[in-house]
Student: 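Attaching a single structure in structure tokens format; questions to follow.
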Amino acid sequence: VVDQPAVYHYAADRHAIELRCVFDEAVWRDAFGGRQDILLVALTSIHWREAWKYGERAFRYCQHDLGHAIAAVSTAAALVGWRAALLPAWSHRAIAAVTGIDRDEDFTEAEREEPGCIMAITATESANCPQDAVRRLADGIRRGQWSGHASQLSKDHIQWSSIDEVA
């Protein structure tokens, strides 16, 4: 049990949540004014997961899957009386920082993840996190205690440079 703010990652191969980072509670309080009823859910894509099947069209299918995931999170929140809201002002860089997917040392042989979006799940009214607070939150999480690393999906790859260009 973690008694302070943390970053978790969904491990699809085990259908489990794994702890990735624990960070200072003051960082969270600063970003959200001490509110305790906020959960951030960030969604990312691994383009190779679609590229092996769809080639250059992989980016489109990743976006399609992202839309389905947004709907699933929103529906799950609504079923327990909570609210889910996209936070479109968050940059890809900020999403990468708070999820740790910008940590090169964690992706030594693994396929890179691409930031998709971030959502605030709240028990009451929507969450607001001004841009300067987003930056401080990202910096504070970067300084947290990180553990684990990304797993490689496959050893063989075809490089689809157009996917990276579009992303």
Side-chain angles (χ1 to χ4, degrees), residues 1-50 62 65-66 68-87 89-124 126-155 167:
V1 174
V2 176
D3 60 351
Q4 67 186 89
V7 175
Y8 292 88
H9 174 264
Y10 173 65
D13 60 337
R14 293 177 313 210
H15 190 53
I17 300 293
E18 57 189 15
L19 179 64
R20 289 283 288 126
C21 177
V22 176
F23 60 95
D24 187 11
E25 187 174 341
V27 170
W28 185 263
R29 271 196 316 268
D30 180 45
F32 292 104
R35 285 184 62 184
Q36 302 270 334
D37 67 335
I38 299 171
L39 169 71
L40 294 180
V41 174
L43 301 172
T44 64
S45 295
I46 300 174
H47 293 144
W48 176 246
R49 197 171 264 159
E50 300 289 353
C62 286
D65 292 346
L66 185 63
H68 284 221
I70 291 167
V73 169
S74 298
T75 300
L79 287 172
V80 295
W82 290 13
R83 298 174 56 156
L86 283 169
L87 302 176
W90 282 56
S91 69
H92 278 188
R93 180 175 288 143
I95 296 169
V98 300
T99 58
I101 63 174
D102 64 348
R103 295 173 45 82
D104 290 335
E105 62 270 26
D106 294 348
F107 289 86
T108 53
E109 294 182 5
E111 296 81 2
R112 295 308 297 239
E113 291 182 52
E114 179 74 20
C117 67
I118 196 159
M119 303 172 73
I121 314 301
T122 60
T124 57
S126 298
N128 185 22
C129 188
Q131 286 305 299
D132 60 326
V134 169
R135 213 171 6 266
R136 289 192 307 271
L137 178 63
D139 289 343
I141 291 174
R142 262 193 206 101
R143 291 188 307 272
Q145 282 185 273
W146 286 89
S147 60
H149 62 278
S151 300
Q152 187 178 42
L153 296 176
S154 64
K155 291 182 185 204

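Everything numeric in this text was worked out from a predicted model, so none of it was measured.
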Student: Quick check for you: to the nearest 0.5 Å, what is the distance between R83 atom CZ and S74 atom OG?
Tutor: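 If we round to the nearest 0.5 Å, R83:CZ and S74:OG are 11.5 Å apart.
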
Student: Drop me the distance from H92's NE2 to E114's CD, to the nearest 0.5 angstrom.
Tutor: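 Here the interatomic distance stands at 6.0 Å.
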
Student: Yes or no on side-chain contact (heavy atoms from CB on, under 4.5 Å) for V98 and L40, after CA distance, side-chain angles and deciding distance?
Tutor: CA-CA 10 Å; V98 300; L40 294 180; 5.8 Å; no

Student: Quick one: closest heavy-atom pair of A77 and I121, and the distance?
Tutor: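 Looking at all heavy atoms of both residues, the closest pair is CB-CG2, 4.0 Å.
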
Student: Calculate, to the nearest 0.5 Å, the distance between atoms CG and CH2 belonging to L137 and W90 respectively.
Tutor: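 Answer rounded to 0.5 Å: 5.0 Å.
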
Student: Quick check for you: to the nearest 0.5 Å, what is the distance between R103 atom CZ and C21 atom SG?
Tutor: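 Reported to 0.5 Å precision, the distance equals 7.5 Å.
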
Student: Looking only at heavy atoms, which two atoms of C117 and L66 are closest? And how far apart?
Tutor: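 Taking every non-hydrogen atom into account, SG-CD1, 4.0 Å.
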
Student: Stepwise, does the side-chain contact (heavy atoms from CB on, under 4.5 Å) test hold for R142 with F23?
Tutor: CA-CA 8 Å; R142 262 193 206 101; F23 60 95; over 6 Å; no

Student: A side-chain contact here means heavy atoms from C-beta on lying under 4.5 Å apart; do P115 and I101 qualify?
Tutor: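 Yes, side chains in contact.
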
Student: Between W146 and I141, is there a donor-acceptor pair closer than 3.5 Å when you use the side chain of the first and the backbone of the second?
Tutor: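 Yes.
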
Student: List the atom of A120, the atom of L87, and the distance in Å for their closest heavy-atom pair.
Tutor: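 Between these two residues, the closest heavy atoms are CB-CD1, 3.9 Å.
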
Student: Taking atom CH2 of W82 as the centre, report whether more than 12 heavy atoms of other residues, nucleotides or ligands fall under 6.0 Å from it.
Tutor: no

Student: Restricting to non-hydrogen atoms, name the atom on A69 and the atom on L43 that form the minimum distance, rounded to 0.1 Å.
Tutor: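 The answer is CB-CD1, 3.8 Å.
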
Student: Determine whether E18 and Y8 satisfy the following criterion, side-chain contact (heavy atoms from CB on, under 4.5 Å), listing intermediate values before the conclusion.
Tutor: CA-CA 5 Å; E18 57 189 15; Y8 292 88; over 6 Å; no

Student: Kindly compute the distance separating CG (L19) from NE2 (H9), expressed to the nearest 0.5 Å.
Tutor: 12.5 Å

Student: List the atom of A97, the atom of A138, and the distance in Å for their closest heavy-atom pair.
Tutor: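 Taking every non-hydrogen atom into account, CB-CB, 3.7 Å.
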
Student: Does any N or O in the side chain of T75 come within less than 3.5 Å of the main-chain N or O of A72, such that one atom is a donor and the other an acceptor?
Tutor: no

Student: What verdict does the side-chain contact (heavy atoms from CB on, under 4.5 Å) test give for I70 and L86, after you've listed the backbone C-alpha separation in whole Å, the side-chain angles of each residue and the deciding distance to 0.1 Å?
Tutor: CA-CA 8 Å; I70 291 167; L86 283 169; 4.0 Å; yes

Student: Which atom names give the shortest non-hydrogen contact between T99 and A42, and what distance separates them?
Tutor: CG2-CB, 3.3 Å

Student: If you measure from CD on E25 to CG on D30, what distance do you get to the nearest 0.5 Å?
Tutor: 12.5 Å

